[in-house]
There are 2 protein chains.
Amino acid sequence: MKVSATEEYGLRCLMRLAVAWGTGEFMTIPQVARLEGLSPQHVAKLVSILRRAGLVRSVRGMNGGVGLSRSPKDVTMTEALSALAGTPVRTGPCIGPSAAGCEMVGTCGLRNVWCRISDVVTGVLDGVTLADLVMNGRPGAAGLQQNAAIEPARWGSGTRG
Amino acid sequence: MKVSATEEYGLRCLMRLAVAWGTGEFMTIPQVARLEGLSPQHVAKLVSILRRAGLVRSVRGMNGGVGLSRSPKDVTMTEALSALAGTPVRTGPCIGPSAAGCEMVGTCGLRNVWCRISDVVTGVLDGVTLADLVMNGRPGAAGLQQNAAIEPARWGSGTRG
DNA sequence: GATAATCTTTATCCTTTTGTCAAGTATCGC
DNA sequence: GCGATACTTGACAAAAGGATAAAGATTATC
């Protein structure tokens, strides 16, 4: 069971935008890329996925940028992962060639476990918002804000969207 | 977050062997392959992983076969998935190129969530044995035994290992 | 000892996932 | 309008994971 790179990096980008939401609102893709150590094109691809899912808004042209389309407090990890991977937890029950011939549908013990796991994981993810991620449930979030300040958004005073 | 094919099929093979443990003890790789709709070579590879991990025992030569090395009641899904994938849950916290430059180690909200998820998933997996998987927690396991009877093990009377 | 049945191992191919490149489109400021 | 800045998109390359093929090693039976 594994978290894909797209999920991990996509969430990290969302966290950066969540920090920016509290400071200068929008960031540019190169800024996010630099902070995360990724190429701008890579971040652009992740952002485009998130934009199509409605989690991120973008403004093209000079002084453009990307930002969350709503408050970090209103975006759960379940939503974020669903956007990035289609569904937060992709388990069997019957993947691959044996699916068609699986004579155990409905009574499959393995399937039952996958369902339980999906439930408990979704339970955790539902309870965590982007705001929680950034605040980390404790005052340590100051460290995050510091990082954001390295490359402050330039449009802090503008109203956007 | 996703369960890999190796994990899914590996567990299914273990379930077949768990059923055989209660009937004729050992099965051949082609038998397991036929029941699961996989190629014998593919099953052989999965079995070899499980064998190296100590979960499966094999006997070469004529009348050989593969079987669990201990009772299905003593093998948890945590063990099985650890054998098949190195660790039951592979999440970040810091995967890929941004790992080295991650300035948030220790205070990373995302990492904390991954840890919580790993904990709850492991909690479920620890509580499920191969015997539970096969019995499905209810009397329906009869269906499984029927399937096993399609290709019964031939060495039911022999003592092995 | 020869043969057939069976597991073992290595190499190879295919598919999916990741990541990059390059061309395109939109906006602002002059 | 022109150029600089930024996002958008589709094609492509690299890497990882999944599946197959083929040759090898081992054992029971005759």
Side-chain angles (χ1 to χ4, degrees), chain A residues 1-10 12-13 17 26-34 36-53 56-67 69 84-86 90 92 95-99 151 153-155 158 160-161, chain B residues 1-10 12-13 17 26-34 36-53 56-67 69 84-86 90 92 95-99 151 153-155 158 160-161:
Chain A
M1 228 180 152
K2 141 180 179 199
V3 175
S4 74
T6 299
E7 291 169 314
E8 171 87 14
Y9 293 143
R12 287 177 178 276
C13 291
L17 299 182
F26 270 47
M27 297 178 78
T28 69
I29 285 177
Q31 281 178 330
V32 175
R34 204 171 325 121
E36 286 301 332
L38 303 173
S39 76
Q41 293 94 341
H42 193 184
V43 171
K45 181 169 277 188
L46 295 171
V47 162
S48 94
I49 293 172
L50 295 166
R51 185 181 55 77
R52 276 192 282 264
V56 160
R57 260 199 301 199
S58 60
V59 175
R60 303 224 281 195
M62 202 161 182
N63 291 2
V66 296
S69 42
L84 290 164
R90 188 147 43 113
I95 57 180
S98 74
E151 287 293 331
R154 281 178 246 161
W155 326 265
R160 197 170 289 279
Chain B
M1 231 186 148
K2 144 181 174 195
V3 174
S4 74
T6 299
E7 292 169 313
E8 172 87 14
Y9 293 142
R12 287 177 177 276
C13 291
L17 299 182
F26 270 46
M27 297 178 76
T28 69
I29 285 177
Q31 280 178 331
V32 175
R34 204 172 324 120
E36 286 301 332
L38 303 173
S39 76
Q41 293 92 343
H42 194 184
V43 171
K45 179 173 277 189
L46 295 171
V47 162
S48 93
I49 293 172
L50 295 166
R51 183 181 55 78
R52 276 190 282 263
V56 161
R57 260 202 298 202
S58 60
V59 174
R60 304 223 282 197
M62 202 161 183
N63 291 1
V66 295
S69 41
L84 290 164
R90 188 148 44 117
I95 57 180
S98 73
E151 288 293 333
R154 279 179 246 162
W155 325 266
R160 197 169 289 278

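We name chains A, B, ... by the order of the sequence lines, and we start the count at 1 in each one.
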Q: Quickly, which of Met1(B), Arg90(B), Lys2(B) forms a side chain to side chain contact (heavy atoms under 4.5 Å, CB included) with Met1(A)? Name it, please.
A: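 Filter result, single survivor: Met1(B).
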
Measure [atom1]/[X] against [atom2]/[N] and give the value in whole Å, please.
X	N	atom1	atom2	value
Ile29(B)	dT8(C)	CD1	C1'	9 Å
Met27(A)	dT5(D)	CE	P	18 Å
Ile49(A)	dG19(C)	CD1	P	11 Å
Leu84(A)	dT17(C)	CG	C1'	14 Å
Glu36(B)	dA19(D)	CD	P	12 Å
Gln31(B)	dA5(C)	CD	P	14 Å
His42(A)	dT9(D)	NE2	C1'	16 Å
Glu8(A)	dT18(C)	CD	C1'	14 Å

Q.
Ignoring hydrogens, what is the shortest heavy-atom contact between Val43(A) and Cys13(A)? Give both atom names and the distance.
A. CG1-SG, 4.2 Å

[X] side chain near [N] phosphate (N/O to OP1/OP2, under 4.0 Å):
X	N	answer
Thr28(A)	dA6(D)	no
Lys2(A)	dG17(D)	yes
Arg52(A)	dT9(D)	yes
Ser39(B)	dT20(D)	yes
Arg51(B)	dT8(C)	yes

Q: Identify whether any heavy atom of Ser48(A) sits under 4.0 Å from a base atom; if not, whether one sits that close to sugar-phosphate; answer base, sugar-phosphate or nothing.
A: nothing

Taking side-chain contact (heavy atoms from CB on, under 4.5 Å) as the test, write out the residues that go with [X], two or more places apart.
X	value
Ala44(A)	Ile29(A)
Ser48(A)	Arg52(A)
Ser58(A)	Arg51(A), Val66(A)
Ala85(A)	Glu7(A)

Q: Between protein and nucleotides 21-30 of chain C, map the contacts as a letter string: B base, S sugar-phosphate only, - none, heavy atoms under 4.0 Å, written 5' to 3'.
A: B--BBBBBS-

Q: Name the closest nucleotide to the Ser58(A) side chain, picking from dT8(D), dT20(C), dC7(C).
A: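 Comparing dT8(D), dT20(C), dC7(C) against the side chain of Ser58(A), the answer is dT8(D).
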
Q. Which one, dT8(C), dG18(D), dT20(D), comes nearest to the side chain of Ala44(B)?
A.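 For Ala44(B), the side-chain atoms sit closest to dT8(C).
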
(Q) Per the side chain to side chain donor-acceptor pair (under 3.5 Å) rule, what does the pair list look like for residues 37-46 of chain B, sequence neighbours excluded? (A)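 Residue pairs passing side chain to side chain donor-acceptor pair (under 3.5 Å), neighbours aside: none found.
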
